[in-house]
Every structure is written in structure tokens, then in C-alpha cells.
Amino acid sequence: MLQFLIRRLIGAVVILFLIGAFTFFLFYTVPQDFAALSCGKTCTPENLAVIRENLGLDKPITTQFWEFMSGIVAGRDFSTGHCAAPCLGQSFDTNEFVWDSIIDRFPLTLSLTVGGLVIFLVLGLGSGMLAAWKRGTVVDKLVSGASIVLSSFQIYLLGPIILGIFVYSSGILEFPKYHEFTDNPADWAMGLLIPWVVMATIFTAQYTRMSRSTMIEQLQEEHVRTARAKGMRQRYVFFRYAWRGSLIPIVTILGMDLSALLSGAVVTEFTFDLAGIGRLAVDSSLTKDLPVTMGVMLFGAFFILLLNILVDLAYAYIDPRVRLS
């Protein structure tokens, strides 16, 4: 297990370095004077030279790349002060350090992602197991039909519909707003309830069908039939043998869906006017704020790599036959 973790961590560092190098040289080959963008319409040559020097754009591109990559490990010095590690640069637009901007918005994006993940896993796996348990009955047909209908919705379509019903028309719920979890957990949950439901609805349909099919497949396995032949109770066989085995392919797909989940968080933030990392990435791309865009990409890559490592570790816990080596 320890060797597996070490190899995965080393591989993650290499991948992050390659992503950082690729994005850096890709963006810096764009024929655009970023200093002129920061200077504004009333820019003078003197001000332009000062801004270019402060941003480090007067240095060779190899020097800029070295300072960017080394700053992630050891920090960097800017004209506005020292940027502690991990330093992802300084915004062209606001002059704020990129890492500080990301950390300020990360709790919102993390809350959206984790909340939506928990809801669609509970609903998706639960409804899929119910459909497999009641295979061929009316319950199975209703669950399968509902999953097909829900899978046709998109966040930008379902979000306004739910807002119109529960916020604008009936007033049952308030417009989504982020509250700090440590301040008031109840307000935190109620403020993100609608975005969670919207995100979860899209993924619940997929995982309902997936869990149903994998559960039915597991029920046909020899060890499950053997357990039934020994006289074990149907419920015990269902949860002790079939359900645990069906989680392996679901966890595998979940690991590949993590990037889609983060993309869903970006769309959700725009739909409900929430200022998270996704909103920061889009705003920085519109204003051509290169350091922020690069920083968000690296942070997103790190987050996805970390979650994939945790998914791999979950294999050994779910199925003892799996050995990580």
C-alpha cells in the first residue's frame, strides 16, 4: 500500500509539472501584450514599462517559466510583496495573489461538489438497488423511466425551472447563497440545497441505471447463487455479497466522472450566480488574466489527481480481493 501511494504521488507531481509547462508555454505564445491590458486605455509608455517590469514580462520566457514553477515550491517576490508558497503568480487584473483568490473561493466550489456528490450517490445507488431488488415490477419500471427522463435535463435548463417553482412562484426557498459552514451549518445547507439538487439530478439518472445493471449482474454470479443455495436470507445475500461487488465498476466510473462533476460545478455557479472557482476561471479567461487561468487549471488538475488516488484506495476497502501494489 505504501509503495502504491509513493508511486502515485510521484506520478501526480510529474503530471502537474507537465500540465504547468504545457499551459505556461501555450498561453505565453499568444500574441497579446498582457501589460497593455493591465495598463488600460489611458496608458502611457512609461506606465507600460513599469507594469511590464512589475509583472516580470520584460524577462526571457525561460526565466519567467523558472520563476513560475519554482514559486510553487519556494514562493516568489513581487513589487507588491512576497508571495508565499505555493505561489501561482499575481493577477494581471486585480494584482492579488492567485493562490489567495483560489483559496477564498474554494470552500464554495468544494461545498457544491461534495454536496452534489453525496446526494446523487445516495439517490442513484439507492434507487438503482431498489430497481434491481424489484426487477420486472412496477417499481423497477418507474425508476428506470424516471432515470431516462431526468438524464435529458441539463443544469442550465433545470436550474431556472426549479428557481421559478420554489423561489419566485411559491417562495418556499430563498435564492441560493453561500454561507460559511462554521458560522451556521443550517444556513449553509439551505443556501446550497437547490444547486445540490440540480447537480445531483443530472448524475443521479446515470448512476441509477448503472447501479441497477451492475447489481443485476452481480446477482447472477456463482458466489451469490451459492449463498442462496445455502439457505441464506435474500436480504443478507443482497447486501453482503451482491451490493459490495457491484460497487467496483461504479467507483471506477466515479473516478472518471470527477472532472465532469467539477465542470458541473462551474455551470452551477453561473446558473445561480455563485462566486466559486469555476466563476473565477471563466472571468479570468474573459479578461485574459493569464496567471489566474493557469493557477485555476493547475489547482483543478491537482484536485482531480487527489480524488483519483482516493478512489484507487477505495478499491481495496470495497473488495478485499483487490491488492494495491
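Remember, it's a predicted structure, so these values are computed and weren't measured experimentally. For the single chain, residues carry numbers from 1 onward in sequence order. We use all heavy atoms of the structure for the numbers below, so side chains are in, but hydrogens, waters and symmetry mates are not.
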> Between CG of Leu150 and CZ of Arg209, what distance do you get to the nearest 0.5 Å?
Replying inline: 9.5 Å

> Between CG of Leu121 and CG of Leu254, what distance do you get to the nearest 0.5 Å?
Replying inline: 5.5 Å

> Side chains of Thr94 and Ser91: do they bring a donor and an acceptor to under 3.5 Å?
Replying inline: yes

> Is the closest side-chain heavy-atom distance between Phe24 and Gln64 below 4.5 Å?
Replying inline: yes

>> Does Glu174 form a side-chain contact (heavy atoms from CB on, under 4.5 Å) with Val167? I'd like the steps, not just the answer.
In response: CA-CA 6 Å; Glu174 296 182 355; Val167 177; over 6 Å; no

> Just wondering, are more than 12 heavy atoms of other shown residues or ligands nearer than 6.0 Å to CZ in Phe175?
Replying inline: yes

> What residues form a side chain to side chain contact (heavy atoms under 4.5 Å, CB included) with Ala131, not counting sequence neighbours?
Replying inline: Asp140, Val143, Arg212

> If you look at every heavy atom in Met199 and Thr268, which pair is closest and at what distance?
Replying inline: CG-OG1, 3.0 Å

>> I need the Trp196 CH2 to Leu117 CG distance, nearest 0.5 Å.
In response: 11.5 Å

> Taking a hydrophobic cluster as the set of Ile, Leu, Val, Met, Phe, Trp and Tyr residues connected by side-chain heavy atoms closer than 4.5 Å, whether directly or through intermediates, do Trp99 and Val13 fall within one such cluster?
Replying inline: no

Donor-acceptor pairs are to be reported for all side-chain atoms of residues 106-115 against protein atoms at under 3.5 Å, with residues two or more places apart or in another chain.
| from | atom 1 | to | atom 2 | distance (Å) |
| --- | --- | --- | --- | --- |
| Thr109 | OG1 | Glu269 | OE2 | 2.8 |
| Thr109 | OG1 | Ile277 | N | 2.8 |
| Ser111 | OG | Pro107 | O | 2.7 |
| Ser111 | OG | Trp188 | NE1 | 3.1 |
| Thr113 | OG1 | Thr109 | O | 2.9 |

> Checking Ser147 side chain against Thr204 main chain: does a donor-acceptor pair fall under 3.5 Å?
Replying inline: no

> Less than 4.5 Å apart, any side-chain heavy atom of Arg76 and any of Glu67?
Replying inline: yes

> For Ile165, does its backbone N or O pair with a side-chain atom of Ser170 as donor and acceptor, under 3.5 Å?
Replying inline: yes

>> With rounding to the nearest 0.5 angstrom, report the OG1 to CD1 distance, Thr208 to Ile148.
In response: 11.0 Å

>> To the nearest 0.5 Å, what is the distance between OH on Tyr207 and CG on Leu125?
In response: 8.5 Å

> Is any side-chain heavy atom of Trp66 less than 4.5 Å from a side-chain heavy atom of Thr62?
Replying inline: no

>> Which Ile, Leu, Val, Met, Phe, Trp or Tyr residues join Ile216 in one cluster when any pair of side-chain heavy atoms under 4.5 Å counts as a link?
In response: none

> Is there a chain of hydrophobic side chains (I, L, V, M, F, W, Y, each step under 4.5 Å between heavy atoms) that links Trp133 to Val138?
Replying inline: no

> Are side-chain heavy atoms of Asp289 and Val98 found at a separation under 4.5 Å?
Replying inline: no

> What is the minimum heavy-atom distance between Thr271 and Tyr156, and which atoms define it?
Replying inline: OG1-CA, 4.0 Å

> How close do Ser169 and Gly164 get, heavy atom to heavy atom, and via which atoms?
Replying inline: OG-O, 2.7 Å

>> Are Phe272 and Val198 packed together at the side-chain level, in the sense that at least one heavy-atom pair is separated by less than 4.5 angstrom?
In response: yes

>> I'd like to know if Leu16 and Leu88 are part of one continuous hydrophobic network [Ile/Leu/Val/Met/Phe/Trp/Tyr, side-chain heavy atoms within less than 4.5 Å].
In response: yes

> For residues Thr293 and Ser284, is any side-chain donor paired with an opposing acceptor at under 3.5 Å?
Replying inline: yes

> Which pair of non-hydrogen atoms, one from Leu274 and one from Pro195, has the smallest distance, and what is that distance?
Replying inline: CD1-CG, 4.2 Å

> Does the side-chain contact (heavy atoms from CB on, under 4.5 Å) test come out yes or no for Ile61 and Phe25, once each step is laid out?
Replying inline: CA-CA 8 Å; Ile61 188 171; Phe25 288 106; 4.0 Å; yes

> Closest heavy-atom contact between Ser211 and Gly124?
Replying inline: OG-O, 3.2 Å

>> Side chains of Met294 and Phe68, heavy atoms from C-beta outward: is any pair under 4.5 Å?
In response: yes

> In terms of hydrophobic clustering (I, L, V, M, F, W, Y; side-chain heavy atoms under 4.5 Å; direct or indirect links), are Val73 and Ile103 co-clustered?
Replying inline: no

> Mind checking what makes salt bridge (charged side-chain N to carboxylate O under 4.0 Å, His left out) contact with Arg279, not counting sequence neighbours?
Replying inline: Asp273, Asp283

>> Looking at every non-hydrogen atom in both residues, tell me the closest pair between Val296 and Ala281 and how far apart they are.
In response: CG1-CB, 3.6 Å

> Under a single-linkage definition using a 4.5 Å side-chain heavy-atom cutoff for Ile, Leu, Val, Met, Phe, Trp and Tyr, are Phe17 and Val14 assigned to the same hydrophobic cluster?
Replying inline: yes

> How many angstroms lie between CG in Asp187 and CD in Glu180, if you round to the nearest 0.5 Å?
Replying inline: 12.0 Å

> Do His82 and Asp77 have side-chain atoms, one donor and one acceptor, less than 3.5 Å apart?
Replying inline: yes

> Between Phe302 and Phe299, how do the two ring planes meet: parallel, tilted or perpendicular, split at 30° and 60°?
Replying inline: tilted

>> By the salt bridge (Lys or Arg N to Asp or Glu O under 4.0 Å) test, which pairs, at least two apart or in different chains, include something from residues 95-115?
In response: none

> Which disulfide bond (SG atoms under 2.5 Å apart) pairs, counting each pair once, include a residue from residues 132-185, with sequence neighbours left out?
Replying inline: none

> Would a 4.5 Å heavy-atom cut-off, applied to side chains only, mark Ile72 and Leu298 as touching?
Replying inline: yes

> Would you say Phe166 has more than 12 foreign heavy atoms packed within less than 6.0 Å of its CZ?
Replying inline: no

>> For Lys141, is there any backbone N or O sitting under 3.5 Å from a side-chain donor or acceptor partner on Ser144?
In response: no

> Do Val292 and Ser101 come within less than 4.5 Å of each other through their side chains, counting heavy atoms only?
Replying inline: no

